[in-house]
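Down below is the structure, laid out as structure tokens.
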Amino acid sequence: MGIVSRGFSGRRRTAVPELPPGQYLTEDFPVLSAGPTPRVTPDAWEFTVTTETGTAHRWDWAALRSLPTQRFTVDLHCVTKWSKLGTAWEGVSLDTLFADVESTAEYALVHSYGGYTTNLPLEDLLDGKAWIAVKYDGEDLDAEHGGPARLLVPHLYLWKSAKWVRGIQLLNDDEPGFWESVGYHNYGDPWREQRYWGD
Ligand SMILES: Nc1nc2c(c(=O)[nH]1)N[C@H]1C(S)=C(S)[C@@H](COP(=O)(O)O)O[C@H]1N2
Ligand SMILES: [Mo]
């Protein structure tokens, strides 16, 4: 039998109420990318919302940047268990982009430059819950973190926040994205610890 009982060994973790179950705090900003960083310049950047009937709504960089932006501070929770609290961003609310989009679809499949995809219910993108972020900590978004623009859906695990976002496809039937199709949870609520299929 060991002298040191489990409860007293190792580093102590202070309980942090903002931390979902199983997460730990990090101060730095890790980069997690499933492939190489696509280099998308603002003049080549385009963002398209396609509805379930095939109607396309398109914004180039100038059109995006002419829209009102919001500054918002949110907590990030990655499924690999790091959380970063109080991150400051600037971006365009998805409510602004969807103002003239007519759709009865319930699902969204988000597409990125480089081919990454992720899916979520459309309602999780609306009502002040998601942004196309263009600045982090007052600076233009680094390419590694998704620049020139990334989706941010901070109430879900961070894999839903597609970097280098290129478009959103609205669908009547849900379709799994990149991580969702290899065993990650279809919805990914960090507070319910929905990491993998069956969680
Ligand atoms: N296009 C794209 N978006 C992505 C990813 C990716 O590999 N490609 N990784 C996701 C995952 S798993 C996480 S945790 C976050 C990481 O964002 P960060 O690199 O800015 O920390 O981006 C998400 N968005
Ligand atoms: Mo992640």
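Atoms within each ligand, like the ligands themselves, are counted from 1 in listed order.
Looking at W89 and T87, their side chains do bring a donor and an acceptor atom within 3.5 Å of each other. No hydrogens or angles considered: a donor-acceptor pair under 3.5 Å links the side chains of T118 and E180.
Below 3.5 Å of separation, one finds an N or O of P30 facing an N or O of ligand 1. At under 3.5 Å, not a single nitrogen or oxygen of W159, backbone or side chain, sits near a nitrogen or oxygen of ligand 1. Considering backbone and side-chain N/O of W164, none are found under 3.5 Å from N/O of ligand 1. Taking only nitrogen or oxygen atoms, main chain and side chain alike, V31 does not reach within less than 3.5 Å of ligand 1. Here's the thing with W82: none of its N/O atoms is less than 3.5 angstrom from an N/O atom of ligand 1. For H145, a nitrogen or oxygen atom sits less than 3.5 Å from a nitrogen or oxygen atom of ligand 1, counting backbone and side chain alike.
The closest approach between a heavy atom of S161 and any atom of ligand 1 is below 4.0 Å.
Using bins of under 30°, 30° to 60° and over 60° for the plane-to-plane angle, the ring pair Y116/F178 lands in the tilted bin. F29 and W82 have perpendicular rings, their planes meeting at more than 60° on a 0 to 90° scale where under 30° would count as parallel.
Ligand 1 places these atoms under 4.0 Å from at least one heavy atom of S112: 1 (N). Taking every heavy atom of A162 and a limit of under 4.0 angstrom, the matching atoms of ligand 1 come to 3 (N), 24 (N). The ligand atoms of ligand 1 that sit less than 4.0 angstrom from a heavy atom of S33 are 7 (O).
In terms of protein heavy-atom proximity, atom 14 (S) of ligand 1 is closest to C78 SG, 3.3 Å. Nearest protein neighbour of atom 16 (C) of ligand 1, counting heavy atoms only, is L32 O, 3.6 Å. The protein atom (non-hydrogen) at minimum distance from atom 1 (N) of ligand 1 is K163 O, 3.0 Å.
A side-chain contact (heavy atoms from CB on, under 4.5 Å) with D199 is found for exactly one of E193, H185, R192, namely H185.
No single ILVMFWY cluster, assembled from side-chain heavy atoms under 4.5 Å apart, contains both L141 and Y113.
Both the backbone and the side chain of A34 come within contact range of ligand 1, each with a heavy atom under 4.0 Å. With a 4.0 Å heavy-atom cut-off, ligand 1 is reached by the side chain of R150 but not by its N, CA, C or O.
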Next item on the list: Determine, stepwise, if the pair S112 / K163 fulfils side chain to side chain donor-acceptor pair (under 3.5 Å).
Entry: CA-CA 7 Å; S112 293; K163 304 197 280 188; over 6 Å; no

Next item on the list: Give the intermediate values and the outcome of side chain to side chain contact (heavy atoms under 4.5 Å, CB included) for residues L122 and F98.
Entry: CA-CA 11 Å; L122 175 56; F98 276 78; 3.9 Å; yes

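Summarising the local packing, CD of E123 is surrounded by 12 or fewer heavy atoms from other residues, nucleotides or ligands at distances under 6.0 Å.
Summarising the contacts of atom 10 (C) of ligand 1 with F29, W179, Y116, Y184, the nearest heavy atom is found in Y116. Remark: among candidates L141, T37, L158, the nearest residue to atom 13 (C) of ligand 1 is L158, based on non-hydrogen atoms.
Between E46 and R166, none of the side-chain N atoms (NZ, or NE/NH1/NH2) sits under 4.0 Å from a carboxylate O, so this pair counts as no salt bridge.
When side chains are defined from C-beta on, D43 does not count as touching W61, because their heavy atoms never get closer than 4.5 Å.
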